[in-house]
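Protein chains get the first letters and strands the later ones, always in sequence-line order, with residue 1 at the start of each.
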2 protein chains.
Amino acid sequence: MRQAGDLSCAPSIDAQQALARAEALCQQRGARLTDLRRRVLEIIWSSATPLGAYTILDVLRDDGRQGAPPTVYRALDFLLAQGLIHRLASLNVFTGCRRPGSHHSGQFLICRDCGRVSELSNPAIDELLRAETDARGFEVLAQIVEILGRCPDCLEEPTRHD
Amino acid sequence: MRQAGDLSCAPSIDAQQALARAEALCQQRGARLTDLRRRVLEIIWSSATPLGAYTILDVLRDDGRQGAPPTVYRALDFLLAQGLIHRLASLNVFTGCRRPGSHHSGQFLICRDCGRVSELSNPAIDELLRAETDARGFEVLAQIVEILGRCPDCLEEPTRHD
DNA sequence: TGATGTTATGTTATAGAATAACATTTGTTA
DNA sequence: TAACAAATGTTATTCTATAACATAACATCA
Ligand SMILES: [Zn+2]
Ligand SMILES: [Zn+2]
Ligand SMILES: [Zn+2]
Ligand SMILES: [Zn+2]
């Protein structure tokens, strides 16, 4: 996959805003955004594409920090619980939530070519799914809506599958 | 999880119909539904709940058949390619397709308590997703719509989480 | 302050899911 | 039958995630 971003660059504006937002939300809730958790969130936001847990772990180790899989999975669990990130089940990766504050399951467009992800919040989709489940007497706990395809940018270019 | 079915019972009517349907479709397409592939499909249909690849492998070994992970994954790949089964990304399990013949991504209601799955085919959902992706110039290759919750049967009972 | 309980992190080991690579067998076709 | 292609057997490895227990950091109260 042609990666659209890298991790070495300084935190982007997006990342900085996301971190500030996370700080505020956690403060509000009395949740502890520790150094480790903040750093994991920063790593996620510093990438243009969603990251797997082990990739995040590699970055932590590059930081000089000690760590093992539970280190990163626990941080991810916290961030998921706070609604600060989403997990993309189809790829086993994690991405920053563009609209934290209101917990939601999210709807994602995932580009097969560049790996970038758009997060939708189409209420009509939620409503339609809700109507369908209501009609069947099914109680919804979580929704997964992930669409794999090719983004406009990648469609412009001549197709080249790596 | 309270499993709603087991694998020991004889193939159900559903399973028999699904197998007959699969035979016909493969015949039509010149695809080879070999003993192994047919048996894997039968195992999947013989369970009231979706199965993981390694569970299927266990059953194959109980059959006295030799096998390793690639054995079952290759059969699953074939069945997926033929549109005879679906993979549920949120659970890493496989379930028989209720409407084979027309390839589709499917929409699933997954009960957290009993594990049973309903496959929807709501064209309105597809259309809405299509409208959203069209508006963004995003080319769709595959859709994942999985809803985790509690089915009507399990809602009737007093909540008991194992 | 120090004792105590709670939360977070460190650490080791293991479980679970999927694929790579190559050998062998089976089926098809010339 | 020879030659080729498709399917399966086999071994090893990679990737993802969690169990279990030890230690450290933080909060609360006597
Ligand atoms: Zn979100
Ligand atoms: Zn793209
Ligand atoms: Zn289907
Ligand atoms: Zn149920």
Angle between terminal axes - the helix from C:dT1-D:dA30 to C:dA30-D:dT1, 5 pairs each end, rounded to 10°: 20°
Taking a hydrophobic cluster as the set of Ile, Leu, Val, Met, Phe, Trp and Tyr residues connected by side-chain heavy atoms closer than 4.5 Å, whether directly or through intermediates, do A:I43 and A:L84 fall within one such cluster? yes
For B:F108 and B:H86, take the angle between the two ring planes, folded into 0 to 90°, and tell me which bin it lands in: parallel under 30, tilted 30 to 60, perpendicular over 60. perpendicular
Separation of D:dT11 atom C1' from B:R74 atom CZ, nearest Å, is 12 Å
Salt bridge (Lys or Arg N to Asp or Glu O under 4.0 Å) involving A:E146 - partner list, sequence neighbours excluded: none
Need one value for A:R37: base, sugar-phosphate or nothing, where a base atom within 4.0 Å counts as base even if backbone is also close, heavy atoms only. sugar-phosphate
Rounded to the nearest Å, what distance is computed from the CZ atom of residue A:F94 to the P atom of nucleotide D:dT16? 10 Å
Looking at residues at least two apart in the chain, or sitting in another chain, which of them share a side chain to side chain donor-acceptor pair (under 3.5 Å) with B:D58? none
A:V40 and A:V59: same hydrophobic cluster, using ILVMFWY side-chain contacts below 4.5 Å? yes
Ignoring backbone atoms, establish whether A:N92 has a side-chain N or O less than 4.0 Å from OP1 or OP2 of D:dA17. yes
Rounded interatomic separation in angstrom, taking CG from A:L88 and P from D:dA17: 11 Å
Between A:L51 (CG) and D:dA17 (P), how many Å, whole number? 13 Å
Residues within residues 23-36 of chain B bordering DNA chain C, heavy-atom distance below 4.0 Å: B:R32
Those residues that, when tested against B:Q66, pass side chain to side chain donor-acceptor pair (under 3.5 Å) (two or more places apart): none
Using whole Å, what does the distance between atom P of nucleotide D:dT14 and atom CG of A:D58 come to? 14 Å
Which residues pass the salt bridge (Lys or Arg N to Asp or Glu O under 4.0 Å) test with B:D63, not counting sequence neighbours? B:R39
Within residues 62-71 of chain B, residues whose heavy atoms come under 4.0 Å of DNA chain D: B:Q66, B:A68, B:P70, B:T71
From CG of B:L57 over to P of D:dT11, roughly how many Å is that when rounded to an integer? 14 Å
What is the distance, to the nearest angstrom, from the CZ atom on A:R87 to the P atom on D:dC15? 17 Å
Relative to the ring of A:Y73, is the ring of A:F94 parallel (under 30°), tilted (30 to 60°) or perpendicular (over 60°)? perpendicular
What pairs with A:D153 under side-chain contact (heavy atoms from CB on, under 4.5 Å), at least two apart in sequence or on another chain? A:R116, A:C151
According to salt bridge (Lys or Arg N to Asp or Glu O under 4.0 Å), who are the partners of A:E23, at least two apart in sequence or on a separate chain? A:R38
Under a criterion of less than 4.0 angstrom to any heavy atom of chain A, what are the 5'-terminal and 3'-terminal contacting nucleotides of DNA chain C? C:dT7 to C:dT12
Suppose we call a contact any N or O donor and acceptor under 3.5 Å apart; does that hold for the side chain of A:Y54 and the base of D:dA17? yes
For A:R61, enumerate each residue passing the side chain to side chain donor-acceptor pair (under 3.5 Å) test, keeping only those at least two apart in sequence or located in another chain. none
For A:D77, enumerate each residue passing the side chain to side chain donor-acceptor pair (under 3.5 Å) test, keeping only those at least two apart in sequence or located in another chain. none
